[in-house]
Structures are given as C-alpha cells and as structure tokens.
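For reference, the structure discussed in these notes is given below.
In each ligand, atom 1 is the first atom listed, and ligand 1 is the first ligand listed.
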Amino acid sequence: MPDVRLVNVTKRFGKIVAVNNVSLHVYDKEYFSLLGPSGCGKTTLLRLIAGLIQPDEGEIYIGDRLVNDVPPEDRDIGFVFQTFALFPHMNSWDNVIYGPRVKGFDMEKASTIGHEVLEMVRLHERLDAFPNELSGGMMQRIAVARALAAGAKLLLLDEPLGQLDAKVRNELRYEIRRMAKDLELTAIHVTHDQAEAMAISDRIAVMKKGKILQVGTPRELYMKPKNIFVAHFIGESNFLEGYVLKVTSKGTVIELRGGVKVQTTSKDMKIGERIVLAVRPETFILEKDIAKKGENAISGVIERVTFEGTNIRYEVRLENQDLIVVVKPSLTEEWFNTGEKVIVKFPPEKAHLFTYPERGLREEIASE
Ligand SMILES: Nc1ncnc2c1ncn2[C@@H]1O[C@H](COP(=O)(O)OP(=O)(O)OP(=O)(O)O)[C@@H](O)[C@H]1O
Ligand SMILES: [Mg+2]
C-alpha cells in the first residue's frame, strides 16, 4: 500500500544510460504503468525499485523509507515477470505457500493465506497442478497469487501478459487490476503495449531512451500530448508539416506543404516558425466532394479502404500529396470508396501544434 518515489535516479551499464535522471511519484494504491518502446529502460526502472540493482545516482523511497540500501526481500514487494517464473518442481499450492513458509509462518497460517489467494485468482481447483500442466494465463495468475501470498504491498509486474495470446491477455489484464484494487495494493506495470496501458492504468509514464517524457492519466496523454513522441506513441496521429503564417486572436494560421492553409486554436508559436501539426485519425471529418470547403478543409482522394470491424480506416491522399489516415466507426458513418474525391476537415481546437524537431520528424518518433 505504499507510495513510491524516485528522485533523480540514474542507472548506467557501461556507456549505456538505461535510466537517465528520472523523478517519479507513484501514489499509494495506484495502478501505474511504465510504457515505452523496447530498450527504453522500463525493466531497469522496475528492477531498481525492486532492489535487484542499485542506482548510480538518486534516491528511491518506498513509503517514507529510503530503500537504496535495503535488500529486495525487505522491501515488501511482489515481482511478476513476463516469463513464467514459477518453481517447476512444485505444484500450484507449494508455489503459493512458499513465501509465507519462508517468512516463518506455521503451516496453519500459510494454508489460510494459500487458500485465500488461490480463491482470489480463481484457481483453487487447480492447486495440485504443476506449472507444466497449466496454461500461460493460469501460470501468470499463480505468479500473482504467489506474490500476494508473500505479503506484497507493492506489486511490480514486468510485461506479465506478454507471452499470452490476445484473448487471455485482454481478460487477465482486467483481472490483475481488479485484484490490485481489491487488495488496495500499489502496482507498477511495465508494458510496451499502449492499448494495455490505457486500459488498466490510473496513470501512465511514457518513456523513451531512459527518460520519462510525460506522466498522466490515459485521457490526459491522449488529449494533451506534450510532445510529438507521446502524440505518436499513445493512440495514433497524423503529422502534417508546415510554417506559422499568422498569429491572430483566434489562434494560429498554418501553411502546410503545397500552400494549404489551416487554423488551430493554439497560440504558442511565432510567425515563420517551422511546425508539425498532429491530428488524430478519428478527429478528421470526411465529406463528399460536393460539400462547401469552408474552414480547415482540404481536398483529397481515398487511396485505400480497410474494414477493421468496429472501424473503417481510410488512407487519403491530400491535394498537397501528404498521405493521412482517417478512422470512422463502421456502423454509424457514411462509407467512401477507393478513388473517390473527398473533403477532409478538422476542428481547429482538436489539432496539436508542435515545434518542428531539430533532429527531424522521423528521428523524433523513432523508438531507438
Ligand atoms: N544488465 C545489463 N547490462 C548491460 N546493459 C543492460 C543491462 N540491462 C539493461 N541494459 C541496457 O539498458 C537499456 C534498457 O534496457 P531495459 O531492459 O530496461 O529496456 P526495456 O524498456 O525493459 O526493453 P524491453 O521492452 O525490450 O524489455 C538497453 O539498452 C539494454 O541493453
Ligand atoms: Mg523489459
């Protein structure tokens, strides 16, 4: 149930700075995710909190306690790994009561805890089964049960659903969140899957190259990305390049490539500045070419139509040759066909405006 605080934490492996001056506060009873591409330092950050490795700089607090010099077994944490880390020669029951027994609890107390947590992960009827007789999803539930039985107040999960197929993954993520919430635990969940992080987290930290770029609720990250990488990594964004033409009382007038002019309501840019406009695929409005053009309207041609079930995904070649993606609900919206001329619009307040990155747009959104 403790909160976790990192203050200016750095961890290097030789020349690699795996975690670079990270400060972070995970609140008591929060379900928190570390999200970012492969190699960004998520596992390293989790192992630092667990005490499996030591920081080169900075302090780590669990509750009020500075834990830099506290060994992992004295930190009251449970660790669940991506790979199934159960003892293979022990059945579910022995795996689960291992922690309480090591803690010195007598058999009666260990049994009470064992029954409780196995009920909680709904695997009580499989207590005789050995790990190789369980499915991947079941093994991870036993791994969670084992962490809970050991008395963990802080649950650290490193891609716990990574090895599971899509359907089990979707079910188990809600189950793990429910357990953490029922037991009022603090949970830190590492994933590179933004949909997973969005679905289960109270808040998310988006990481890139050892740094935290933004911390926020799923909604905040989606609605108000602070930078291009977050706009790219959370959900999907179309990036349109251009220059600031005018700053008015209503916002900013942008000239996109090919001389197309559009408006946004943000006002933080200077005239002449090179910018990137980020627009979500579902933010665009698609209309037949007969519509009046009006504000923020760009002509285009549908280049590809993909039926995705819930949504239809259109790739639209704009008049300035930029290719954008537009996503519309398949049940409620009018359909468009390949080759059809359309008008694409977006509300000025729904576009995010960023300064063009020094290193170039492609490098900025690259994971490495
Ligand atoms: N023990 C180690 N020795 C040397 N380098 C390491 C060690 N552990 C991690 N690194 C390096 O630190 C960086 C961060 O690695 P880390 O495992 O934390 O990334 P990650 O975000 O968990 O990636 P993934 O999503 O692939 O698991 C990488 O460049 C990695 O090669
Ligand atoms: Mg990792």
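- For the residues G39, S38, G162, the heavy atom positioned nearest atom 14 (C) of ligand 1 is part of G39.
- Under the 4.0 Å criterion applied to side-chain N and carboxylate O atoms, R65 and D76 are not assigned as salt-bridge partners.
- Atom 12 (O) of ligand 1 has as its closest protein heavy atom A18 CB, 3.3 Å.
- Scanning the protein heavy atoms around atom 27 (O) of ligand 1, the nearest turns out to be T43 OG1, 3.9 Å.
- Residue F13 has no nitrogen or oxygen atom sitting less than 3.5 Å from a nitrogen or oxygen atom of ligand 1, judged on distance alone.
- Contact check on E59 versus R5 returns no salt bridge, with no Lys/Arg side-chain nitrogen under 4.0 Å from an Asp/Glu carboxylate oxygen.
- At under 3.5 Å, a nitrogen or oxygen of C40, whether backbone or side chain, sits near a nitrogen or oxygen of ligand 1.
- Under the side-chain contact (heavy atoms from CB on, under 4.5 Å) test applied with F79, the options L157, L52, L154 reduce to a single match, L52.
- Remark: the N21 side chain and the T10 side chain contain no N/O donor-acceptor pair separated by less than 3.5 Å.
- Shown here, atom 4 (C) of ligand 1 is in close reach of the protein: a heavy atom of it lies under 4.0 Å off.
- F346 does not carry K350 over the face of its six-membered ring by the limits of under 6.0 Å from the centre and within 45° of the normal.
- Judged by the shortest distance from any of its heavy atoms, G36 lies outside the 4.0 Å radius around the atoms of ligand 1.
- Polar contact check, K42 against ligand 1: a nitrogen or oxygen pair lies under 3.5 Å apart.
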Let's go through F32 and H189 carefully: what are the C-alpha distance in whole Å and the side-chain angles of both, what is the deciding distance for ring pair (Phe, Tyr, Trp, His ring centres under 6.0 Å) to 0.1 Å, and is it a yes or a no?
CA-CA 6 Å; F32 192 92; H189 180 123; over 10 Å; no

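- Contacts between T44 and ligand 1, counted as non-hydrogen atom pairs separated by less than 4.0 Å, involve both the backbone and the side chain.
- Looking from atom 29 (O) of ligand 1 to the surrounding protein, the closest heavy atom is I16 CG2, 3.8 Å.
- Aromatic rings of W93 and H124 (six-membered ring for Trp) have centroids beyond the 6.0 Å cut-off, not under it.
- Within the coordination shell of the Mg ion (ligand 2), defined by N, O or S atoms under 2.8 Å, T43 is present.
- Geometrically, K29 does not engage Y27 in a cation-pi contact defined by less than 6.0 Å to the ring centre and at most 45° from the axis.
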